[in-house]
Structures are given as C-alpha cells and as structure tokens.
Amino acid sequence: MQPVVERDVSLIAAELRRESGGPVDVSVRAVTAESLAERVAQIGHREGRSASGTDVPDALGARITVGDAGRLATLVDRVRQRYAGGPSGRILEIDDRTPGARGPGEQGPGGAGVRENTPAGYGPGARGPGGAGVRENAPAGYRPGAQGSGAHDVRITVGTESSGRPYAFTLWLAAREGGSDSGRGAERSGRTAAPPEDRPPAPGGPA
Amino acid sequence: MIEVDEFVFVRTFLDETDGDARALFVIDERDYPDPGAAWDAYLEAGEEMDRMRRRGVFDSRELPAGSPRTDLPTWREYAAYGGRRPR
C-alpha cells in the first residue's frame with residue numbers, strides 16, 4: 001500500500017506546487033509489522049473482539065502541509081476528487097478540525113470541527129477511527145473553515161484494496177498558519193500512532 | 001541524474017522498541033541510481049526490522065533534491081556494521 005500512497009500524495013503535492021507556487025510538504029509514515037500486531041492486539045483486548053489491520057487506519061498515514069487555510073481548502077477538494085471512488089480508493093471518514101467547520105455530521109473531538117462518515121460498503125472490518133460507524137454521505141461543496149485561530153487540520157480516512165484485501169490509510173491535511181499544532185496535539189494524545197510530523201525526525205545514534 | 005529542483009524521498013527508521021523513538025538509519029533516494037533501487041532497499045530494511053521484531057515507524061519525507069543530508073548512517077552502513085555506526 002505504501003508505494004501507492006506515496007505516489008498519490010506526491011502527485012497531489014506536485015500539482016499544488018505547480019498551481020500555487022507555494023511550499024507543499026509531504027511525509028508518509030508506516031509502522032512495522034511488530035507495531036501493527038501490537039496495536040491490533042490492543043484493540044482486540046480493549047474491545048473484546050477479533051481485530052485486524054483495518055482497525056488501525058493510521059498504521060499507514062500521510063501528511064500534506066500547505067502554507068495557509070486557502071491552500072488547505074484547495075488541497076481538501078483535490079483529495080476528495082481523487083478518492084471520490086475508483087481504483088485509488090474511497091473516503092471512509094472526514095474529520096474536519098478547522099475553525100468554523102459545520103455540517104451534518106457529529107462534532108469532532110473537543111467540540112472543534114466536524115466529523116463526516118461516508119458510506120461503508122467496504123467489506124467486513126472496515127471501520128472509521130475510534131470505531132465510528134458509517135452513516136451518511138459527505139456533503140458536496142465541502143470547504144473547511146478558514147477563519148479565526150485554532151486547529152487547521154483535516155483528517156481523511158481512505159479505504160482501498162490491495163490484492164483483494166481491504167486496507168485503510170489516513171491523510172492529514174494541514175495549514176501552517178492558524179495553529180495547526182493544537183489540533184495535532186489533541187489527536188496525538190488519544191491515538192496509538194502520531195501523524196506524520198512537519199519537522200524532520202530528531203537525529204539519534206544507532207544502537 | 002537528479003536535478004536540484006526535483007524532489008526526492010528520504011526515509012528514516014524510528015525505532016520504538018525500547019520506548020522513545022530513536023532514528024537509526026536513513027534511506028536517501030539520492031544514494032541510489034533511481035527511486036526503484038531506493039525502494040528495494042527500503043523493502044529490504046523493512047523486512048529486516050520485521051525479522052528483528054522491531055517496533056517502530058518508517059518516516060518518509062519528500063524533500064528538495066538540494067536539501068542537506070542527515071548525519072545518520074545509511075541503511076547500507078547500518079546493515080554492514082551490525083547496527084553500529086561506522087567510524
């Protein structure tokens with residue numbers, strides 16, 4: 001799956017750079033098999049059921065960071081178009097943490113933003129983060145809120161298939177301006193895996 | 001030949017086996033003749049980390065080809081020296 005995700009986000013970033021001329025940062029994170037097995041086991045133990053890799057959509061995650069909220073809106077639209085259906089995958093959930101985001105879905109964590117769940121039809125075990133069910137179509141003409149301060153992050157969970165098996169990965173779309181770090185911190189505190197970060201990994205010596 | 005205005009993927013392994021994440025080695029596309037060769041090295045490194053039952057994350061970043069390099073060992077160095085940094 002990772003080659004496909006890297007290719008997709010790289011293409012999206014190249015398009016945005018070409019169109020807007022501004023910086024677009026891309027990073028992708030993938031956990032090792034041991035880490036994935038540990039997280040699956042934790043979910044199974046916590047929820048008392050048989051879990052699988054599809055329960056850990058952030059085991060593979062990509063982050064695309066743009067300069068401002070306006071470019072973030074363009075980015076979100078681009079991602080929605082790409083994953084509207086077809087071989088690239090389909091959107092399972094959108095968690096909009098931008099200020100002023102409102103829609104038919106439930107409130108996101110901390111009361112900020114809005115979470116939309118898109119139709120499942122995706123095979124057994126395909127669930128949104130946090131076990132959220134799948135309820136309704138995401139509305140058309142989506143625009144993340146761009147006013148005020150606070151988080152400027154939109155998290156999109158994409159479901160796809162590889163070799164006939166369902167997979168899910170998470171895209172974190174963020175704008176530098178407007179305190180995107182606040183949303184990321186809240187997200188990190190409640191999840192087993194942190195999203196890809198803006199800054200490079202800290203150097204460390206080998207074992 | 002990679003042009004300076006191109007972008008390359010630089011992949012860093014962050015080991016979390018003992019708790020806090022610690023960067024162990026890097027796979028930089030600029031060290032390979034083409035992205036496919038770098039990807040093969042990445043797969044090899046991933047398989048080795050899985051075989052060693054390492055908990056951790058591969059962090060891949062798309063960077064301008066002209067950006068500075070990290071001082072971390074490369075995957076080749078790490079593999080050749082058994083995880084010890086060459087001197």
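- At a 4.5 Å heavy-atom cutoff, A/A37 makes no contact with chain B through either its backbone or its side chain.
- Remark: B/R11 engages A/E6 in a salt bridge, criterion side-chain N to carboxylate O under 4.0 Å.
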Would B/E62 and A/D25 count as a side-chain contact (heavy atoms from CB on, under 4.5 Å) if you check the C-alpha gap in whole Å, the side-chain angles of each, and the deciding distance to 0.1 Å?
CA-CA 7 Å; B/E62 193 181 46; A/D25 295 337; over 6 Å; no

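- In terms of modelled atom types and a separation under 3.5 Å, the side chain of A/S35 and the main chain of B/G56 share a donor-acceptor contact.
- The CG atom of B/D59 lies 11.5 Å from the CZ atom of A/R63; values are rounded to the nearest 0.5 Å.
- Remark: the backbone N or O of A/A33 is paired with a side-chain donor or acceptor of B/D50 at under 3.5 angstrom.
- For the set B/G46, B/S60, B/A21, the count of heavy-atom pairs under 4.5 angstrom toward chain A peaks at B/S60.
- Under the 4.0 Å criterion applied to side-chain N and carboxylate O atoms, A/E34 and B/R53 are assigned as salt-bridge partners.
- The neighbour count for B/D20 CG, taken as heavy atoms of other residues, nucleotides or ligands under 6.0 Å away, does not exceed 12.
- The contact between B/F58 and chain A is made by backbone and side chain atoms together, counting heavy-atom distances below 4.5 Å.
- In terms of heavy-atom proximity, B/R55 sits nearest to A/T32 at CA-OG1, 3.6 Å.
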